[in-house]
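The first residue of the sequence shown is numbered 1, and numbering continues consecutively from there.
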Amino acid sequence: MREQARMARDAASRVEEKAQFSTPSDPHEKGGYYGAAATEAGAGAVGLTRAAVKAAPKLVSAARKLHPREVLRALNQIEKESLEGLHIGSSGPRRDNCVACVVADLKGEGWTAQVVEAKYGYTGKERGFTEAMAKAYVQEATGSTLSARPVAFASAKAPAGEYVIFAGREHVIRGRIDASGAKAIWDPQTGERFKQFTDVTTKYGGSRAYRVE
């Protein structure tokens, strides 16, 4: 992971330096240089370290200024892959960023787990999040408040609204109750859906639902 991050940072630095101090006359020569550096940086940026993720946008921003169209196309793909490397969805490589996935799901369009972590902080297993820490993170990142006590989500009397569900001791997912009382439960990290709350407790053990207020 450290090597990937170093590759991304080094390549980004070379692109910026070249952009500032060199003006090759041949646009294809220019494009070839930046394309190679971008490819190297992109490979590192797809890694799971925060340093690599931060380096990728820097590289793309610097390299875009001087590239011919075909190289820009390649850079756009690298940028897309670097953003999707830590995304919400079952094809993503991360399985320890469920808190960030839930935040991105609550914030809506344009937000991914990677973008959330870049703005509000890393959420991986190294942080050792407790339930209280995870709740605090969600509240800070969304600007919302989670109910002080768990809500009986399975009850017919549970109030309508958006929910954050702590599934067992090590996972966080989402829930919703609409105005008609219809309920939905899903995992933003994997895309899995649950028919009812008891399915969550069967899979993960004791679970708690907090309403977003």
Side-chain angles (χ1 to χ4, degrees), residues 46-50 53 80-213:
V46 172
L48 305 183
T49 63
R50 294 177 66 193
V53 171
K80 180 175 183 291
E81 290 176 359
S82 71
L83 287 175
E84 291 183 348
L86 304 178
H87 79 301
I88 301 172
S90 58
S91 62
R94 288 281 298 281
R95 287 294 179 267
D96 64 347
N97 63 345
C98 54
V99 176
C101 290
V102 163
V103 169
D105 191 70
L106 284 167
K107 291 178 80 69
E109 185 177 355
W111 287 90
T112 66
Q114 184 260 349
V115 173
V116 169
E117 288 190 309
K119 185 173 179 62
Y120 299 104
Y122 182 65
T123 63
K125 61 185 178 182
E126 295 85 356
R127 291 288 301 275
F129 269 17
T130 62
E131 186 170 308
M133 291 169 64
K135 285 181 66 178
Y137 186 100
V138 171
Q139 291 178 136
E140 178 185 358
T142 62
S144 303
T145 300
L146 298 184
S147 57
R149 295 180 179 277
V151 174
F153 189 90
S155 170
K157 296 182 179 180
E162 302 294 328
Y163 285 81
V164 171
I165 300 172
F166 286 84
R169 299 178 55 136
E170 299 180 351
H171 199 41
V172 187
I173 59 177
R174 285 271 285 113
R176 176 182 297 130
I177 302 177
D178 67 21
S180 71
K183 298 172 182 178
I185 305 171
W186 67 97
D187 186 338
Q189 187 182 61
T190 67
E192 181 179 9
R193 290 187 172 272
F194 299 87
K195 291 183 178 180
Q196 51 193 5
F197 195 74
T198 53
D199 294 338
V200 179
T201 58
T202 297
K203 180 172 182 176
Y204 294 103
S207 301
R208 298 143 317 280
Y210 295 89
R211 186 172 180 271
V212 178
E213 300 177 338

Among residues two or more places apart or on two chains, list those pairs meeting ring-ring contact (aromatic ring centres under 6.0 Å, His included) that have a residue in residues 174-198.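 Every ring-ring contact (aromatic ring centres under 6.0 Å, His included) pair that includes a residue of residues 174-198, provided the two are not neighbours, is F153-F197.
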Looking at [atom1] of [X] and [atom2] of [Y], how far apart are the two atoms once the value is rounded to the nearest 0.5 Å?
X    : Y    : atom1 : atom2 : answer
D96  : E126 : CG    : CD    : 6.0 Å
E213 : S144 : CD    : OG    : 9.5 Å
C98  : D105 : SG    : CG    : 12.5 Å
C101 : D187 : SG    : CG    : 7.5 Å
Q139 : T145 : CD    : OG1   : 5.5 Å

Quick one: closest heavy-atom pair of [X] and [Y], and the distance?
X    : Y    : answer
Y120 : K107 : OH-NZ, 3.5 Å
E117 : A100 : CG-CB, 3.8 Å
T142 : V138 : OG1-O, 2.7 Å

When you measure from the side chain of N97 to the backbone N and O of T123, does any donor-acceptor pair fall under 3.5 Å?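 Pair absent, no side-chain N/O of N97 close to backbone of T123.
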Between the main-chain N or O of M133 and the side-chain N or O of T130, is there a donor-acceptor pair closer than 3.5 Å?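 Yes; at least one donor-acceptor contact below 3.5 Å.
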What pairs of residues pass the salt bridge (Lys or Arg N to Asp or Glu O under 4.0 Å) test when at least one of them lies in residues 196-211, not counting sequence neighbours?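 Only E131-R208, E192-K203 qualify under salt bridge (Lys or Arg N to Asp or Glu O under 4.0 Å).
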Show every salt bridge (Lys or Arg N to Asp or Glu O under 4.0 Å) that has at least one partner inside residues 133-142, sequence neighbours left out.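 Output for this query is empty, none listed.
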Sequence-distant partners of Y204, ring pair (Phe, Tyr, Trp, His ring centres under 6.0 Å), two or more places apart: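 By the ring pair (Phe, Tyr, Trp, His ring centres under 6.0 Å) rule, Y204 matches H171.
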Flag side-chain contact, heavy atom, 4.5 Å: V99 against R127: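 No, every pair of side-chain atoms sits at 4.5 Å or beyond.
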Quick one, V116 with W111, criterion side chain to side chain contact (heavy atoms under 4.5 Å, CB included). Give me CA distance, side-chain angles, the key distance, then yes/no. CA-CA 7 Å; V116 169; W111 287 90; 3.7 Å; yes
E109: side-chain contact (heavy atoms from CB on, under 4.5 Å) partners, not counting sequence neighbours: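 Per chain and number, E109 pairs via side-chain contact (heavy atoms from CB on, under 4.5 Å) with no residue.
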List the atom pairs, donor and acceptor, that lie under 3.5 Å between side-chain atoms in residues 161-169 and the rest of the protein, sequence neighbours left out.
from: E162; atom 1: OE1; to: R174; atom 2: NH1; distance (Å): 3.2
from: E162; atom 1: OE1; to: R174; atom 2: NH2; distance (Å): 2.6
from: E162; atom 1: OE1; to: R176; atom 2: NE; distance (Å): 3.2
from: E162; atom 1: OE1; to: R176; atom 2: NH2; distance (Å): 3.3
from: E162; atom 1: OE2; to: R176; atom 2: NE; distance (Å): 2.7
from: Y163; atom 1: OH; to: P159; atom 2: O; distance (Å): 2.6

